[in-house]
K.L.:
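Got a structure for you, written out below as structure tokens; questions coming shortly.
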Amino acid sequence: MGLSWTQCWKEEFKEELSLTKLHLSLSRPELLLQPQWGIAPWVWSLYRVFMLLYTLIWCMYSGLLFSNPKWLIFFSHLTYCLIVVYHLVASCNLACAMVLVRCHCRDHRKTCSGGDQTRERGNRAEPLGPFPLPSLLSISLRLQWFLQSLMCAFCLTVSFLYWSLDYPMEHHPLSPFNLNMHVGNSGQALLDLLLSATPIHLAHYLYQLLIGCLYILFAVVYWLAGYTNLSGKPYIYKVLDFGGCPLLAALCVLGFALVCLPICHFLVWNVQLLRRQLAGRVRGERLGLCREAWRWRVGGGGSPVPVSLMDPSSSVFTPRRRGEARGDGATQTLLSSTTSTLYSAVTVYL
């Protein structure tokens, strides 16, 4: 990825942008709703619903398989629950945004004289103006971004630690459940990362470290309280036997927090850079992401209507002027294909 990778690496550590990235501030909220590619809107909606149902069914099946509340003490199971929550939030956000923008377009059409909503300028529809993101949806989009960052890094970490440490020591049988929980989880996370347009920042590792430390604290308290795992052993994982092998447990904790987790997050960051690079090389408007707008076709025929998804006066997301440094750490060449049209957006038909 050459110079582009180097530039993105430097942008991750720019002092004026680091706080914005840590606060999950994004100048383009549509990146959290649209796919990176030219996927049809109805296909993207079906994907969100399918992944929600698929992960929810597996989560319910695994809970019934153990029939024990101790099922929730394992990090791999909690991570899969995190996947379910992420797909639930992402599906709700997408559905809410589509309904709100559709209502916004219809209200604007009613207020236009003669019912002409798409005032044409040449061959291009005139934009309707900024769509004010409701505060609740803005907060929910930030939650979606936070959950996806956790999900991707934790899934890769779970897969690596399970097959390198837990499986050789416990020799669990290879079943569809095990494969889905410890291989399929990473596949689902990487698939969503490759299809979605959500940016990932290196600063997000701090959130993952915080959540990881909370789980480690839970494991220590669980051991001190004298609770046992499903096999009646006084620990959650054999490598976290603080009473029998305290040195091994301490080394595993440090390796998890300071080695495995940051490496997995760094891999996730590179995967999303590769995704943006590949998307930027695809020619044609159909696969390009817009800068500040989606195109929406409201009712009947006519040209798609560009609708900005943010209003600087009401949105909690950071507005950005042309020429300023990008808060999401990406350049236009990485995110969209070259086009002469200002609103080179994915077309959404409602």
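These numbers were taken from a predicted model, which means no experiment stands behind them. The residues of the chain are indexed from 1 along the displayed sequence.
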K.L.:
Could you check if a side-chain atom of L147 sits within less than 4.5 angstrom of a side-chain atom of I83, using non-hydrogen atoms only?
P.N.:
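No. Closest side-chain heavy atoms not under 4.5 Å.
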K.L.:
Please list, chain by chain and in numerical order, all residues satisfying side chain to side chain donor-acceptor pair (under 3.5 Å) with S186, sequence neighbours excluded.
P.N.:
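Scan of S186 (side chain to side chain donor-acceptor pair (under 3.5 Å), adjacent residues dropped) gives S159.
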K.L.:
Rounded to the nearest 0.5 Å, what separates atom CG in L137 from atom CZ in R142?
P.N.:
12.0 Å
K.L.:
Identify each donor-acceptor pair in which a side-chain atom of residues 231-260 lies under 3.5 Å from a protein atom, sequence neighbours left out, and give them as a table.
P.N.:
residue : atom : partner : partner atom : Å
Y237    : OH   : F75     : N            : 3.0
D241    : OD1  : G243    : N            : 3.4
D241    : OD1  : G244    : N            : 3.0

K.L.:
Could you tell me whether the side chain of Q144 and the main chain of L32 form a donor-acceptor pair under 3.5 Å?
P.N.:
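Confirmed, Q144 side chain pairs with L32 backbone.
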K.L.:
For L206, is the CG atom crowded, meaning more than 12 foreign heavy atoms sit under 6.0 Å from it?
P.N.:
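For L206, atom CG is crowded (more than 12 foreign heavy atoms under 6.0 Å).
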K.L.:
If Ile, Leu, Val, Met, Phe, Trp and Tyr residues are connected whenever their side-chain heavy atoms lie under 4.5 Å apart, and connections chain through other members, are F74 and V220 in the same group?
P.N.:
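Yes, it is one cluster - the side chains of F74 and V220 are joined through contacts under 4.5 Å.
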K.L.:
Indicate the ring-plane relationship of W9 and F266, choosing parallel, tilted or perpendicular according to the 30° and 60° boundaries.
P.N.:
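Perpendicular: the ring planes of W9 and F266 meet at over 60°.
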K.L.:
What closest approach, in Å, do Y215 and I73 show between heavy atoms, and which atom pair accounts for it?
P.N.:
OH-O, 2.7 Å
K.L.:
Please list, chain by chain and in numerical order, all residues satisfying side chain to side chain donor-acceptor pair (under 3.5 Å) with S196, sequence neighbours excluded.
P.N.:
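Once residues adjacent in sequence are excluded, the partners of S196 under the side chain to side chain donor-acceptor pair (under 3.5 Å) criterion are Q148.
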K.L.:
Determine which pairs satisfy salt bridge (Lys or Arg N to Asp or Glu O under 4.0 Å) with at least one residue from residues 147-156, sequence neighbours left out, and list them in order.
P.N.:
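For residues 147-156: none.
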K.L.:
Less than 6.0 Å separating the ring centroids of H204 and W145?
P.N.:
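Yes, they do, as the ring centres are separated by less than 6.0 Å.
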K.L.:
With side chain to side chain contact (heavy atoms under 4.5 Å, CB included) as the test, pick out the partner of L193 among R275, Q36, Q188.
P.N.:
R275
K.L.:
Can you tell me how far CG of N93 sits from CD1 of I139, rounded to the nearest 0.5 angstrom?
P.N.:
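Output value for this atom pair is 11.5 Å.
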K.L.:
I want to check something: taking the side chain as every heavy atom from C-beta on, are C8 and W269 in contact at a cut-off of under 4.5 Å?
P.N.:
yes
K.L.:
Check whether any side-chain N or O of W163 sits under 3.5 Å from a backbone N or O of H182 as a donor-acceptor pair, and report yes or no.
P.N.:
yes
K.L.:
Any side-chain hydrogen bond (donor to acceptor under 3.5 Å, both in side chains) involving residues 256-267? Give me the pairs, sequence neighbours left out, ordered by first then second residue.
P.N.:
Q208-H265
K.L.:
Identify all side-chain donor-acceptor contacts of residues 50-61 below 3.5 Å with residues at least two apart in sequence or on another chain.
P.N.:
residue : atom : partner : partner atom : Å
Y54     : OH   : W58     : NE1          : 3.2
Y54     : OH   : N180    : OD1          : 3.1
T55     : OG1  : M51     : O            : 2.7
T55     : OG1  : L52     : O            : 3.2

K.L.:
Do L165 and L230 belong together in a cluster built from hydrophobic side chains that touch within less than 4.5 Å?
P.N.:
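In one cluster with L165: L230, yes.
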K.L.:
Could you tell me if the side chain of W44 sits less than 4.5 Å from the side chain of L195, heavy atoms only?
P.N.:
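They are in side-chain contact.
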K.L.:
Is there a chain of hydrophobic side chains (I, L, V, M, F, W, Y, each step under 4.5 Å between heavy atoms) that links L190 to Y162?
P.N.:
no
K.L.:
Can you check whether L194's main-chain N or O pairs, donor with acceptor, with W37's side chain at less than 3.5 Å?
P.N.:
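Side chain of W37 to backbone of L194: a pair is present.
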K.L.:
Report, as yes or no, whether the 6.0 Å neighbourhood of atom CZ on F160 holds more than 12 heavy atoms from other residues, nucleotides or ligands.
P.N.:
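Open: at most 12 neighbouring heavy atoms sit under 6.0 Å from CZ of F160.
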K.L.:
Is there a side-chain contact between M151 and T79, using heavy atoms and a 4.5 Å cut-off?
P.N.:
no
K.L.:
As a quick check of understanding, evaluate side chain to side chain contact (heavy atoms under 4.5 Å, CB included) for C92 and L88, giving each step before the final call.
P.N.:
CA-CA 6 Å; C92 293; L88 175 62; 4.0 Å; yes
K.L.:
Strictly under 6.0 Å, is that where the ring centroids of F66 and H77 end up?
P.N.:
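That pair passes the under 6.0 Å test.
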K.L.:
Given S76, which partner from the list L161, N185, V158 fulfils the side chain to side chain contact (heavy atoms under 4.5 Å, CB included) test?
P.N.:
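For S76, the side chain to side chain contact (heavy atoms under 4.5 Å, CB included) test succeeds with only one of L161, N185, V158, which is V158.
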K.L.:
Sequence neighbours left out, what passes side-chain contact (heavy atoms from CB on, under 4.5 Å) with S175? Give chain and number order.
P.N.:
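Partners of S175 under the side-chain contact (heavy atoms from CB on, under 4.5 Å) test: F177, N178.
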K.L.:
Using every non-hydrogen atom in the two residues, find where M181 and W71 come nearest and quote the distance to one decimal.
P.N.:
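It is CE-CZ2, 4.3 Å.
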K.L.:
Not counting sequence neighbours, list each pair that qualifies as a salt bridge (Lys or Arg N to Asp or Glu O under 4.0 Å) and has a residue in residues 145-154.
P.N.:
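The answer is none; no pair qualifies.
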K.L.:
Using a 4.5 Å cut-off between side-chain heavy atoms of Ile, Leu, Val, Met, Phe, Trp and Tyr, which other residues end up in the same hydrophobic cluster as V221?
P.N.:
L217
K.L.:
Restricting to pairs with a member in residues 181-202, which pass salt bridge (Lys or Arg N to Asp or Glu O under 4.0 Å), not counting sequence neighbours?
P.N.:
R48-D192
K.L.:
Within a strict 4.5 Å, meaning less than it, do heavy atoms of the L214 and I211 side chains meet?
P.N.:
yes
K.L.:
Would I216 end up clustered with L72 when hydrophobic side chains under 4.5 Å apart are linked, directly or stepwise?
P.N.:
yes
K.L.:
Excluding sequence neighbours, so at least two apart, what forms ring pair (Phe, Tyr, Trp, His ring centres under 6.0 Å) with Y222?
P.N.:
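F218, Y227.
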K.L.:
Can you see which heavy atom on G212 is nearest to which on F154, and at what distance?
P.N.:
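Between these two residues, the closest heavy atoms are N-CZ, 4.2 Å.
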K.L.:
Indicate yes or no: at least one non-hydrogen side-chain atom of T198 is less than 4.5 angstrom from one of L31.
P.N.:
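Heavy-atom side-chain distance check fails, nothing below 4.5 Å.
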K.L.:
Do M98 and S45 make a side-chain contact, defined as non-hydrogen atoms from C-beta onward lying under 4.5 Å apart?
P.N.:
yes
K.L.:
Quick one, Y47 and L191 - any side-chain contact, counting heavy atoms below 4.5 Å?
P.N.:
yes
K.L.:
Would you say S140's side chain and L136's backbone share a donor-acceptor pair under 3.5 angstrom?
P.N.:
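It does not hold such a pair.
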K.L.:
Would you mind listing every salt bridge (Lys or Arg N to Asp or Glu O under 4.0 Å) that reaches into residues 62-72, with sequence neighbours excluded?
P.N.:
none
K.L.:
Determine, using the 4.5 Å side-chain heavy-atom cutoff (strictly less than), whether L261 and L210 are members of one ILVMFWY cluster.
P.N.:
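Shared cluster, no.
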